[in-house]
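Some notes on the structure that comes next.
Predicted model, so just to flag it, every value in this text is computed and none were measured.
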Amino acid sequence: MVLPCNDMADFDLIRCMADQRSNFAAAREAWEHFYVRHYRVLMYMCISDHGYLLGEDDIKDIVHDTFLKAFVRAESFNSQEPCEADVQQRKCRAWLAAIAENLIRDRFRGQLEVSVADETEIERIETPKQEAADETEIPEPERLRLLKLGFAQLSEIEQTVLRATMSFWQGDQEHQRMPNAAMQELSRQIDKSPENIRKIRSRAIDKLEKYVNENLQDEE
C-alpha cells in the first residue's frame with residue numbers, strides 16, 4: 001500500500017520527486033506536499049537572512065524558484081541516507097536554504113562589487129594566532145556551538161551586517177567583496193555608510209573571535 005504524500009517522510013517525497021520521468025503526476029503531487037510542508041519556514045529563513053537586500057515580493061519569488069529548482073534537482077539530493085524524521089527535516093531545509101542563497105547570489109551576479117574586508121582583517125582571518133596553531137585542533141561541533149552562542153550576543157545591527165556580508169563570502173578569494181547594489185541596499189536598510197558597515201563587520205568578527213577564545217580557555 002502506498003502512503004498518501006502527506007504521510008510520507010521528507011526523503012520519500014524527494015525520491016518520488018526524483019522519479020518524475022517515470023511518473024510525473026506522482027512526482028508533482030509529492031512536490032506540492034513538500035512545498036506546503038517547508039514553505040513557511042523557508043520564507044522565514046529568507047526574510048530573516050536576506051530581507052535587508054530584497055523586498056517581500058522578491059523574497060516570495062526566490063522561495064518559489066527555490067522549490068522549482070528543488071523539483072528539477074531532486075535526483076541530486078542524497079535521500080538514501082537512513083535518518084530520523086527530524087534529521088530529514090533539517091537536511092531538507094538546509095538544502096532549500098542553500099538553493100535560495102545561490103539564487104540570490106545569481107541576482108547580483110555581474111554587478112559592480114565593493115570590498116567588505118580590509119587587508120588587516122583578511123590577514124587575521126587567514127593567519128591564525130601562533131598559540132592557537134600549537135593547540136589541539138578544536139572539534140568542529142564545539143567551534144560551531146561557540147560561534148552560534150557568540151553570534152547571539154552580538155547587536156541586531158552586527159548580526160545583520162555579518163549575515164549580509166557573509167552571504168557573499170568566498171573562501172577561495174583573497175579579497176572579499178559583495179555586489180555594490182547589495183551594499184547600497186544594506187546601507188539604506190540600517191542607515192549606515194558602507195565604510196561604517198565595514199567597521200561594524202570587523203568589530204563583530206573581533207567580538208566573535210574573543211568570545212570563542214575565552215570560552216575555549218574556560219573549558220580546558
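Considering CG of L186 and CZ of R163, their distance stands at 12.0 Å, rounded to 0.5 Å. Atom CG of L13 is separated from atom CD of Q88 by 9.0 Å, given to the nearest 0.5 angstrom. For the atom pair CZ (R37) and CE (M8), the distance works out to 8.5 Å, reported to the nearest 0.5 Å.
When hydrophobic clusters are built by joining Ile, Leu, Val, Met, Phe, Trp and Tyr residues whose side-chain heavy atoms come closer than 4.5 Å, directly or via intermediates, V63 is not grouped with Y44. Residues W31 and V36 do not share a hydrophobic cluster, clusters being chains of Ile/Leu/Val/Met/Phe/Trp/Tyr side chains in contact below 4.5 Å. Residues I59 and L68 fall within the same hydrophobic cluster, defined by Ile, Leu, Val, Met, Phe, Trp and Tyr side chains chained together at heavy-atom separations under 4.5 Å. Side-chain heavy atoms closer than 4.5 Å link hydrophobic residues (I, L, V, M, F, W, Y) into clusters, and following such links, even through other members, never connects V72 to F67.
Within the 4.5 Å cutoff, the side chain of D61 has no heavy atoms near those of the H64 side chain. Between Q80 and R15 there is a side-chain heavy-atom pair separated by less than 4.5 Å. Between L162 and L208, some side-chain heavy-atom pair lies under the 4.5 Å cut-off. Within the 4.5 Å cutoff, the side chain of R203 has heavy atoms near those of the I200 side chain. With a 4.5 Å cut-off on side-chain heavy atoms, H50 and E101 count as touching. Using a 4.5 Å heavy-atom threshold, the side chains of I190 and I197 count as touching.
Salt bridge absent: E84 and R90 never bring a charged side-chain N and a carboxylate O closer than 4.0 Å.
The closest donor-acceptor contact from the side chain of T66 to the backbone of I62 lies under 3.5 Å.
If you chain together ILVMFWY residues whose side-chain heavy atoms come under 4.5 Å of each other, V41 ends up grouped with M45.
Of all heavy-atom pairs spanning P194 and Q184, the tightest one is CG-NE2, 4.0 Å.
Applying the salt bridge (charged side-chain N to carboxylate O under 4.0 Å, His left out) rule to pairs touching residues 64-74 yields nothing, sequence neighbours excluded.
Using a 3.5 Å distance cut-off with no hydrogens or angles, the side chains of D10 and H38 do pair a donor with an acceptor.
Surrounding NZ of K91 are at most 12 heavy atoms belonging to other residues, nucleotides or ligands under 6.0 Å away.
A tilted orientation is assigned to the rings of W95 and F77, their planes being inclined by 30° to 60°.
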